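One structure is given below, encoded as structure tokens.
Order of the sequence lines sets the chain letters (A, B, ...), proteins ahead of strands, with each chain counted from 1. Given the structure is predicted, the values throughout are model-derived calculations rather than measurements.
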Amino acid sequence: MTANESLAIITETLNNNRKEIVRNSGKFFMMWGILLAVFSLLVYFLWKTTGKAAWNNLWFGLPLIGFALSYLIKSREATVRAENFISRVNGGIWSAFGVFACSVALFCLLFGLLGKDNALAVIIVSVSLTPLIVLIFGLAETISGVVLKNWVIKIAGWITGIGGVAIYFITGAEKEQMLIFTFAGIVLAVTGLIVKYQYK
Amino acid sequence: MFPKLDPILHSELRLAVMSILAGVDEADFTYLKKQTQATSGNLSVQIDKLTAAGYITVEKGFKGKMPRTTCRITPEGLEAFRKYIDALKEYIST
């Protein structure tokens with residue numbers, strides 16, 4: 001075996017490893033994307049039919065179901081998916097997004113309980129969560145694409161963040177804004193599907 | 001004078017296994033088999049050689065009811081791999 005052949009083996013193996021990690025992330029993008037689309041449609045229809053915005057509290061169930069499904073998928077895999085720095089950073093990005101989104105939502109919910117008589121509560125509750133969350137969602141997706149060195153994920157993140165905010169200004173702050181998350185979920189799921197087949 | 005290439009690493013399959021393990025925390029036998037496209041028998045033999053050299057550690061356990069063999073690179077293995085790449089660079093640059 002020559003030095004060049006040795007180097008070719010090392011390069012090919014490292015590339016295949018990276019592809020495997022990106023391909024595996026596609027599965028989780030699909031799972032979270034579908035879950036996001038289903039939740040947003042559920043909240044939208046319940047809000048629309050009952051007229052109660054309180055159905056937004058259902059969103060707190062999304063991370064619970066998502067993490068339970070992730071655990072189930074991982075435990076049912078026949079082989080151990082190799083974990084490395086890249087996959088850990090990618091997981092960290094989405095965990096950070098989850099913490100931010102849940103914290104902001106919880107913060108607004110708690111201040112909302114203070115009622116309309118409280119001036120601070122009125123200001124905080126008037127902050128539109130949807131464009132804020134969809135923007136950091138898109139940002140998280142794009143950073144994920146940068147870490148995984150994948151252009152499809154980078155562009156999908158930009159479309160989700162910028163497109164989501166644009167849709168918000170078109171649909172307004174009513175129940176229709178839930179469809180922004182349907183859009184974000186579909187983009188995420190399609191991205192996952194593309195990535196999965198990109199490295200098949 | 002060219003540095004001597006580590007004979008343990010200077011084998012197609014062992015080098016592939018070490019390249020995989022150098023980039024991950026751990027990998028199981030099935031993953032290594034899939035990535036290297038080697039036969040189970042050949043892979044087992046090469047893993048034993050790397051273990052005997054102290055370059056990797058092998059842990060046998062279970063995932064549910066299925067047996068699982070997990071491999072990890074050791075600090076000695078990582079150092080040997082780094083030296084091997086440095087030696088390759090010298091061969092190629094001249």
Side-chain angles (χ1 to χ4, degrees), chain A residues 1-28 67-95 144-150 195-200, chain B residues 2-38 40 46 58-73 78 81-94:
Chain A
M1 191 164 64
T2 66
N4 279 321
E5 283 169 342
S6 293
L7 208 60
I9 289 171
I10 295 168
T11 310
E12 193 190 339
T13 312
L14 290 175
N15 278 338
N16 287 343
N17 226 9
R18 191 182 70 82
K19 282 178 187 172
E20 182 66 23
I21 284 166
V22 179
R23 199 178 71 84
N24 193 42
S25 71
K27 191 187 337 181
F28 291 97
F67 283 118
L69 278 176
S70 296
Y71 179 78
L72 203 69
I73 290 171
K74 280 183 185 172
S75 64
R76 290 186 75 174
E77 275 174 347
T79 61
V80 168
R81 294 285 168 190
E83 284 274 321
N84 70 359
F85 181 71
I86 294 171
S87 57
R88 277 200 303 277
V89 168
N90 193 39
I93 292 165
W94 287 98
S95 299
S144 235
V146 172
V147 169
L148 296 170
K149 291 182 183 173
N150 186 289
V195 166
K196 208 164 175 280
Y197 282 96
Q198 219 176 6
Y199 297 117
K200 201 175 182 184
Chain B
F2 289 119
K4 192 172 176 284
L5 289 172
D6 186 340
I8 299 287
L9 295 181
H10 200 60
S11 137
E12 206 171 308
L13 187 50
R14 288 196 294 271
L15 185 60
V17 170
M18 287 295 281
S19 303
I20 294 167
L21 295 177
V24 299
D25 300 337
E26 59 177 41
D28 73 355
F29 187 85
T30 319
Y31 182 83
L32 290 173
K33 192 180 164 208
K34 186 187 164 198
Q35 291 297 95
T36 58
Q37 293 177 336
S40 297
Q46 305 312 327
V58 174
E59 190 185 309
K60 290 185 188 290
F62 284 89
K63 186 178 186 181
K65 288 178 182 172
M66 300 290 286
R68 190 179 79 179
T69 304
T70 311
C71 302
R72 288 183 194 89
I73 198 164
L78 206 56
F81 187 65
R82 192 188 59 76
K83 281 183 181 166
Y84 183 82
I85 291 174
D86 286 343
L88 280 184
K89 280 181 192 167
E90 283 196 40
Y91 273 88
I92 291 165
S93 62
T94 50

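Contact of Phe29(B) with chain A is not made at all, since no heavy-atom distance falls under 4.5 Å. The part of Arg88(A) that comes within reach of chain B is its side chain, from C-beta onward, which places non-hydrogen atoms under 4.5 angstrom from that chain. Using a 4.5 Å cut-off between heavy atoms, Leu21(B) does not touch chain A at all.
Atoms OH and OG, on Tyr91(B) and Ser6(A) in that order, are 10.0 Å from each other to the nearest 0.5 Å. Expressed to the nearest 0.5 Å, how far CG of Asn4(A) lies from CG of Leu88(B) amounts to 9.0 Å. In this structure, Leu15(B) CG and Glu5(A) CD are separated by 11.5 Å, a value rounded to the nearest 0.5 Å. Distance check, rounded to the nearest 0.5 Å: CG of Leu7(A) to CD1 of Ile85(B) gives 7.5 Å. Note that OG of Ser19(B) is 5.5 Å distant from CG of Leu14(A), once rounded to the nearest 0.5 Å. Separation of atoms CD1 (Ile9(A)) and OG1 (Thr36(B)) is listed at 11.0 Å; rounding is to 0.5 Å.
Side-chain contact between Gln35(B) and Asn17(A) is present, with at least one heavy-atom pair separated by less than 4.5 Å.
Comparing Thr11(A), Thr2(A), Ile10(A) by heavy-atom pairs within less than 4.5 Å of chain B, the highest count is held by Ile10(A).
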